[in-house]
A.B. asks: 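Let me begin by handing over the structure; questions about it come next.
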Amino acid sequence: MENTVALITSKGIFYQNSLFTCSRAISEQWFDGASPYHMLEVQVHHENDLLSIILDSREQIPIISIPVINNYSRRELDDYFTKLNELKLVKKLIKNEKS
């Protein structure tokens with residue numbers, strides 16, 4: 001069990017020369033330059049190849065590695081993000097219909 005420090009940047013949670021993310025960081029837009037989390041240091045808990053960040057509230061949030069995107073063409077990335085945004089819209093429509 002090991003605790004170290006990571007830095008929240010505009011590209012992700014920077015830890016040991018790699019970038020990570022989590023669902024909470026995405027939903028709360030931590031990587032936005034205007035975010036109160038931007039350039040904040042957070043504790044990282046490392047145990048059995050599982051990583052999580054520890055917030056000031058002591059909440060522990062699992063993080064995952066961000067894949068290196070240099071292997072993809074600009075068109076592939078654009079297509080991916082277009083499809084991702086379409087899925088978000090569909091999810092929102094379904095959620096509104098259930099309400």
Side-chain angles (χ1 to χ4, degrees):
M1 185 164 52
E2 177 185 339
N3 282 0
T4 54
V5 175
L7 182 65
I8 298 175
T9 71
S10 60
K11 295 185 181 200
I13 301 166
F14 186 71
Y15 176 70
Q16 293 187 347
N17 295 321
S18 296
L19 291 170
F20 296 83
T21 191
C22 64
S23 59
R24 184 149 173 196
I26 293 168
S27 67
E28 294 181 3
Q29 300 178 4
W30 291 5
F31 309 138
D32 183 338
S35 166
Y37 290 98
H38 187 68
M39 299 304 287
L40 183 71
E41 287 187 346
V42 290
Q43 291 290 315
V44 175
H45 178 74
H46 185 193
E47 184 173 5
N48 300 329
D49 293 331
L50 299 175
L51 294 173
S52 57
I53 56 173
I54 304 170
L55 301 181
D56 289 341
S57 64
R58 307 306 304 158
E59 183 178 1
Q60 200 165 324
I61 302 171
I63 58 175
I64 59 169
S65 177
I66 296 175
V68 176
I69 61 173
N70 294 342
N71 298 334
Y72 301 101
S73 71
R74 184 67 193 171
R75 182 181 171 104
E76 289 173 313
L77 289 174
D78 288 342
D79 289 345
Y80 170 79
F81 286 111
T82 298
K83 289 175 184 174
L84 181 62
N85 286 330
E86 288 171 359
L87 286 172
K88 287 179 182 180
L89 288 173
V90 169
K91 180 181 175 184
K92 187 175 184 178
L93 289 172
I94 291 170
K95 184 178 178 181
N96 289 340
E97 286 176 2
K98 290 182 179 181
S99 298

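Values reported hereafter were calculated over all heavy atoms of this structure, with side chains retained and with hydrogens, waters and symmetry mates removed.
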A.B. asks: Contact between Ile64 and Phe20 at the side-chain level, heavy atoms closer than 4.5 Å - yes or no?
C.D. replies: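 Sidechains of Phe20 and Ile64: no contact.
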A.B. asks: Would you find a donor on one side and an acceptor on the other, under 3.5 Å apart, between the side chain of Ser27 and the backbone of Ser23?
C.D. replies: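 Confirmed, Ser27 side chain pairs with Ser23 backbone.
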A.B. asks: Using every non-hydrogen atom in the two residues, find where Ala6 and Val44 come nearest and quote the distance to one decimal.
C.D. replies: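 So the minimum-distance heavy-atom pair works out to CB-CG2, 3.3 Å.
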A.B. asks: Can you hop from Ile13 to Ile26 via hydrophobic side chains spaced under 4.5 Å?
C.D. replies: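 Unlinked, Ile13 and Ile26 end up in two clusters.
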A.B. asks: Could you give me the CA-CA distance, side-chain angles and deciding distance for Leu19 and Phe14, then say whether side chain to side chain contact (heavy atoms under 4.5 Å, CB included) is met?
C.D. replies: CA-CA 5 Å; Leu19 291 170; Phe14 186 71; 3.9 Å; yes
A.B. asks: At what distance, to the nearest 0.5 angstrom, does OG1 of Thr4 lie from CD of Gln43?
C.D. replies: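 Reported value, rounded in 0.5 Å steps: 7.5 Å.
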A.B. asks: Check the orientation of Tyr37 and Trp30. Use parallel for under 30°, tilted for 30 to 60°, and perpendicular for over 60°.
C.D. replies: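 Rings of Tyr37 and Trp30: parallel, as their planes differ by under 30°.
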A.B. asks: Would you say that His45 contacts Ser52 through its side chain, given a criterion of any heavy-atom pair below 4.5 Å between the two side chains?
C.D. replies: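 When only atoms from C-beta onward are counted, Ser52 and His45 do touch, with a gap below 4.5 Å.
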A.B. asks: For residues 80-94, please give each side-chain donor-acceptor pair under 3.5 Å, one per line with the distance, not counting sequence neighbours.
C.D. replies:
| unit_1 | atom_1 | unit_2 | atom_2 | d |
| --- | --- | --- | --- | --- |
| Thr82 | OG1 | Asp78 | O | 2.8 |
| Asn85 | ND2 | Phe81 | O | 3.2 |

A.B. asks: Mind checking salt bridge (charged side-chain N to carboxylate O under 4.0 Å, His left out) for Glu76 and listing every partner two or more places apart, or none if nothing turns up?
C.D. replies: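 Counting only residues at least two positions away or on another chain, Glu76 forms no salt bridge (charged side-chain N to carboxylate O under 4.0 Å, His left out).
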A.B. asks: Which residues end up grouped with Leu7 if you chain together Ile, Leu, Val, Met, Phe, Trp and Tyr wherever their side-chain heavy atoms are less than 4.5 Å apart?
C.D. replies: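 Hydrophobic cluster check, Leu7: joined to Met39.
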A.B. asks: Looking at Ile66 and Lys11, what are the two nearest heavy atoms and their distance?
C.D. replies: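 In terms of heavy atoms, the two residues are closest at CD1-O, 3.6 Å.
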A.B. asks: Can you give me the closest heavy-atom contact between Asp32 and His38, atom names plus distance?
C.D. replies: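 That closest heavy-atom pairing would be O-CB, 3.7 Å.
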A.B. asks: As an exercise, state the distance from CG of Leu51 to CD of Gln16, rounded to the nearest 0.5 Å.
C.D. replies: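 Going from the CG atom of Leu51 to the CD atom of Gln16 covers 7.5 Å.
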A.B. asks: How far apart are the closest heavy atoms of Cys22 and Ile61, and which atoms are they?
C.D. replies: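 Looking at all heavy atoms of both residues, the shortest contact is SG-CG2, 3.7 Å.
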